[in-house]
A.B. asks: 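To start, I am sharing the structure in question, which I have written as structure tokens.
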Amino acid sequence: FCGHSYTEEIDEMPEEITGITVANVAGVYTGRPYTITVEGTQSGDIVQYALKNDTDVVYRMEQPEMVNAGTYEVWYKVMRVGFQAFTGSVKVEIARVNPQYTVPQNLKGTSGTTLASIELPDGFLWQTDQATKLSKEGYNKFYVIYIPEDQVNYQPVKDIEVSVEV
């Protein structure tokens, strides 16, 4: 190099963003959307969100709609001028809840027939074997299951005691 100094320019990678935290979210179905909270952002930061699906991740400025019961994987990206983007993901778990229902009333059957002969209101099924013969006169206790119309957000309810007049 004959006395000449040689300096090589090195492209420096931008600094990484630090101090960002996001917690998993767990709750029950309420009919209202759940959101995630990105902590540690600074003024001027841009936060984008995406839902993980089978094909790809498309980031948007708005948080995804997470209303229905289920498990969601939410990706987030924090962008800051002069820094590498910070990315991560969290889970949002929304549990199904017990539905509201009215216990069937005024159920009547005839001695010698089976439970299957007694019509239940919509959404209810016999939990007690439908082949059970009605023999004892008076009021008898049996069990039904309530199956809600919306099975995504509401779970079936078992062991509902009903009274049948024979």
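Being a predicted model, the structure only gives us computed values, none of them experimental. The first residue in the sequence is number 1, and the count goes up from there. Computation of the quantities below employed the complete heavy-atom set of this structure, encompassing side-chain atoms and omitting hydrogens, waters and symmetry-equivalent molecules.
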A.B. asks: Check whether any side-chain heavy atom of Lys52 lies under 4.5 Å from a side-chain heavy atom of Ser89, and answer yes or no.
C.D. replies: no

A.B. asks: Scan for salt bridge (Lys or Arg N to Asp or Glu O under 4.0 Å) pairs involving residues 18-44, sequence neighbours excluded, and state none if there are none.
C.D. replies: none

A.B. asks: Tell me every residue that passes side-chain hydrogen bond (donor to acceptor under 3.5 Å, both in side chains) with Gln84, counting only those two or more places apart in sequence or in another chain.
C.D. replies: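 Checked Gln84 against side-chain hydrogen bond (donor to acceptor under 3.5 Å, both in side chains); zero matches.
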
A.B. asks: Using side chain to side chain contact (heavy atoms under 4.5 Å, CB included) as the criterion, list what pairs up with Lys133, not counting sequence neighbours.
C.D. replies: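 With neighbours one apart ignored, the set is Thr114.
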
A.B. asks: Indicate every side-chain donor-acceptor pair of residues 15-29 with a distance under 3.5 Å to a residue at least two apart or in another chain.
C.D. replies:
residue: Asn24; atom: OD1; partner: Lys91; partner atom: N; Å: 2.8

A.B. asks: Write out all pairs satisfying ring pair (Phe, Tyr, Trp, His ring centres under 6.0 Å) with one or both partners inside residues 97-144, taking only residues at least two apart or from two chains.
C.D. replies: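 As it turns out, the ring pair (Phe, Tyr, Trp, His ring centres under 6.0 Å) pairs with a partner in residues 97-144, which skip direct neighbours, are Tyr101-Tyr146, Phe124-Tyr146.
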
A.B. asks: What's the verdict on side-chain contact (heavy atoms from CB on, under 4.5 Å) for Ile36 and Tyr49, showing C-alpha distance, side-chain angles and the deciding distance?
C.D. replies: CA-CA 10 Å; Ile36 63 171; Tyr49 309 89; 3.9 Å; yes

A.B. asks: So do Gln127 and Val144 actually touch side chain to side chain, heavy atoms under 4.5 Å?
C.D. replies: no

A.B. asks: Can you list everything that forms a salt bridge (charged side-chain N to carboxylate O under 4.0 Å, His left out) with Arg80? Sequence neighbours excluded, please.
C.D. replies: Asp45

A.B. asks: Could you walk me through whether Leu107 and Leu120 satisfy the side-chain contact (heavy atoms from CB on, under 4.5 Å) test, starting with their C-alpha distance in whole Å, then the side-chain angles of each, then the deciding distance to 0.1 Å, before giving a yes or no?
C.D. replies: CA-CA 8 Å; Leu107 301 175; Leu120 292 169; 3.9 Å; yes

A.B. asks: Can you pull the salt bridge (Lys or Arg N to Asp or Glu O under 4.0 Å) pairs that have at least one residue in residues 95-117, sequence neighbours excluded?
C.D. replies: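 Sorted pair list: Lys108-Glu165.
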
A.B. asks: Is there a side-chain contact (heavy atoms from CB on, under 4.5 Å) between Tyr76 and Phe86 once you walk through the steps?
C.D. replies: CA-CA 8 Å; Tyr76 57 92; Phe86 182 94; 3.8 Å; yes

A.B. asks: Taking side-chain hydrogen bond (donor to acceptor under 3.5 Å, both in side chains) as the test, write out the residues that go with Gln63, two or more places apart.
C.D. replies: none

A.B. asks: Shared ILVMFWY cluster between Val67 and Leu51, side chains joined below 4.5 angstrom?
C.D. replies: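 Result: yes, single cluster for both.
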
A.B. asks: Mind checking whether Ile46 and Val78 have side chains closer than 4.5 Å, heavy atoms only?
C.D. replies: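 Not touching, per the 4.5 Å side-chain cut-off.
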
A.B. asks: Taking the side chain as everything from C-beta on, heavy atoms only, tell me whether Val74 gets closer than 4.5 Å to Met66.
C.D. replies: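 Yes. Closest side-chain heavy atoms under 4.5 Å.
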
A.B. asks: How would you list, by chain and number, every residue that makes a side-chain hydrogen bond (donor to acceptor under 3.5 Å, both in side chains) with Thr87, sequence neighbours excluded?
C.D. replies: none

A.B. asks: Can you confirm whether Ile94 sits close enough to Asn68 that some side-chain heavy atom of one is under 4.5 Å from a side-chain heavy atom of the other?
C.D. replies: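 A side-chain contact under 4.5 Å is absent here.
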
A.B. asks: I'd like to check the side chain to side chain contact (heavy atoms under 4.5 Å, CB included) partners of Lys136; sequence neighbours left out, ordered by chain and number.
C.D. replies: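 Side chain to side chain contact (heavy atoms under 4.5 Å, CB included) list for Lys136, sorted by chain: Asn140.
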
A.B. asks: Check step by step if side-chain contact (heavy atoms from CB on, under 4.5 Å) holds for Ser111 and Leu134.
C.D. replies: CA-CA 5 Å; Ser111 184; Leu134 302 172; 5.7 Å; no

A.B. asks: Suppose we screen for side chain to side chain contact (heavy atoms under 4.5 Å, CB included). Which residues come up paired with Arg60, at least two apart in sequence or across chains?
C.D. replies: Val58, Glu62

A.B. asks: Would you say that Ser135 contacts Val166 through its side chain, given a criterion of any heavy-atom pair below 4.5 Å between the two side chains?
C.D. replies: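 In short, these two side chains do not touch, never coming nearer than 4.5 Å.
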
A.B. asks: Would you please name every residue forming a side-chain hydrogen bond (donor to acceptor under 3.5 Å, both in side chains) with Asn106, sequence neighbours left out?
C.D. replies: none

